[in-house]
Asks: 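Take a look at this one; I'll ask things after.
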Amino acid sequence: MAGNWKMFKTIAETTQFIVDFLPLVAGVTHADIVIAPPFTAVADAARKTAGSSVAVAAQDLHWEKQGAFTGEVSAAMLAEAGARYVIIGHSERRHIFGETDDQVFQKTRAALGAGLTPIVCVGELLAEREAGATNQVLARQFGGSVGGLTLQEFTAIIIAYEPVWAIGTGKVATPEIAAEAHRFIRSEASAKFGKDTANALRILYGGSVKPDNVRGLMAQPEIDGTLVGGASLDAKSFAAIVNF
Ligand code: 13P
């Protein structure tokens with residue numbers, strides 16, 4: 001169960017969240033819990049969650065180890081700061097910052113190289129769904145973003161299905177629609193990496209997940225977890241989601 005904070009929370013606000021959140025999820029063993037604060041709060045969040053059930057993710061990275069890339073952060077820098085996961089190819093990166101499938105692929109390999117667990121995002125736009133192109137888009141994103149990984153690399157990633165029309169809109173995908181997309185992604189994984197690997201792949205659903213709709217989503221065997229935006233910013237709300 002992962003919370004993507006996007007460009008919200010200072011270090012002080014992150015600290016307050018952790019103080020409030022840790023007691024609410026102490027002893028949770030049914031799920032891995034991840035929070036993804038902005039870069040500036042990653043190191044502090046990692047220190048303050050050390051030894052707890054909560055791990056820290058970054059929201060992006062650059063694929064090169066170092067270099068003249070003003071404004072960018074490498075996988076090794078994130079790992080050193082204490083991140084254990086990194087979100088890659090979020091729809092806001094793809095659509096606002098023009099990130100391509102190939103960049104997502106390179107970022108995924110760089111993350112794996114530094115021992116981070118990538119959470120690779122895919123998902124269709126509303127117009128693509130309405131045009132009946134959802135599976136085509138998912139196949140293209142899957143193929144371009146993670147299809148070129150080795151089998152060993154692929155077994156170490158998590159995929160998040162986030163239909164763009166459900167992100168920040170309050171329009172959650174029905175559990176059936178989400179499960180159908182997850183099934184399709186798993187079938188792509190099976191075709192490329194084999195049935196056992198596909199069955200072991202964790203696929204998270206993201207898009208307007210809230211405390212009152214998480215149970216229905218998690219009741220779908222195809223849905224292994226959730227990637228939560230807005231509702232992960234409040235400790236009680238995110239704890240309610242984790243403890244669905
Ligand atoms: P919301 O939960 O705010 O719709 O955001 C989803 C998301 O983009 C998580 O990465």
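Both counts, for ligands and for their atoms, begin at 1 and track the order of listing.
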Asks: Take W5 and Q59 through the side-chain hydrogen bond (donor to acceptor under 3.5 Å, both in side chains) test and state the conclusion after the steps.
Replies: CA-CA 8 Å; W5 289 357; Q59 299 175 18; over 6 Å; no
Asks: Does N4 reach ligand 1 with a nitrogen or oxygen that is under 3.5 Å from one of the ligand's nitrogen or oxygen atoms?
Replies: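 Among all N and O atoms of N4, at least one is under 3.5 Å from an N or O of ligand 1.
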Asks: Enumerate the atoms of ligand 1 whose separation from the nearest heavy atom of S208 is less than 4.0 angstrom.
Replies: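 Heavy-atom distances to S208 below 4.0 Å select 1 (P), 2 (O), 4 (O).
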Asks: When you compare the side chains of S145 and R94, does any donor N or O come within less than 3.5 Å of an acceptor on the partner?
Replies: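 The answer is yes; a qualifying pair exists.
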Asks: Output yes when the distance from some N or O of ligand 1 to some N or O of E92 is under 3.5 Å, and no in every other case.
Replies: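 It does not: no N or O of E92 is found under 3.5 Å from an N or O of ligand 1.
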Asks: Decide whether F21 and V42 are clustered together by the hydrophobic rule: side chain heavy atoms of Ile, Leu, Val, Met, Phe, Trp, Tyr closer than 4.5 Å, transitively.
Replies: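 Same cluster.
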Asks: Please confirm whether A231 approaches ligand 1 to less than 4.0 Å, judged on its heavy atoms.
Replies: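 In this structure, A231 fails to qualify as a contact of ligand 1 - no heavy atom is under 4.0 Å.
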Asks: So, does C121 sit close enough to ligand 1 that a heavy atom of it is under 4.0 Å from the ligand?
Replies: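 So C121 does not count as touching ligand 1.
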Asks: Is K210 close to ligand 1, meaning an N/O of one under 3.5 Å from an N/O of the other?
Replies: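 Looking only at distances, the answer is no, because the N/O contact criterion of under 3.5 Å is not met.
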Asks: Checking a contact table here: which protein heavy atom is nearest atom 3 (O) of ligand 1, and how many Å away?
Replies: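 Atom 3 (O) of ligand 1 sits closest to the protein heavy atom G230 N, 2.9 Å.
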Asks: Under a plain distance cut-off of 3.5 Å, with no hydrogens placed, do Q141 and Y161 share a side-chain donor-acceptor pair?
Replies: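 Looking only at side-chain atoms, Q141 and Y161 do not form any donor-acceptor pair under 3.5 Å.
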Asks: Report yes or no: does S187 contribute a side-chain atom to a donor-acceptor pair with the main-chain N or O of F184 at less than 3.5 Å?
Replies: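 Indeed, once roles are kept as given, a pair shorter than 3.5 Å links the two residues.
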Asks: What protein heavy atom sits nearest atom 7 (C) of ligand 1, and how far away is it?
Replies: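 Scanning the protein heavy atoms, the shortest distance from atom 7 (C) of ligand 1 goes to E162 OE2, 3.3 Å.
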Asks: When you group the ILVMFWY residues by side-chain heavy-atom contacts below 4.5 Å and let the links chain together, are F17 and L233 in the same group?
Replies: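 In one cluster with L233: F17, yes.
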Asks: Is the shortest distance from a heavy atom of G206 to ligand 1 less than 4.0 Å?
Replies: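 So G206 does not count as touching ligand 1.
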Asks: Give the atom numbers and elements of ligand 1 that come within less than 4.0 Å of a heavy atom of K6.
Replies: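 Atoms satisfying the 4.0 Å criterion: 5 (O), 6 (C), 7 (C), 8 (O).
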Asks: Is R215 reaching over with its side chain to a backbone N or O of F244, donor-acceptor style, under 3.5 angstrom?
Replies: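 Between the backbone of F244 and the side chain of R215 there is a qualifying donor-acceptor contact (under 3.5 Å).
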Asks: Ring centres under 6.0 Å, that's the criterion: do H90 and F97 meet it?
Replies: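 Ring-ring flag for H90/F97: false, centres at least 6.0 Å apart.
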Asks: Would you check whether I167 has a nitrogen or oxygen atom less than 3.5 angstrom from a nitrogen or oxygen atom of ligand 1?
Replies: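 Between I167 and ligand 1, no N or O pair is found under 3.5 Å apart.
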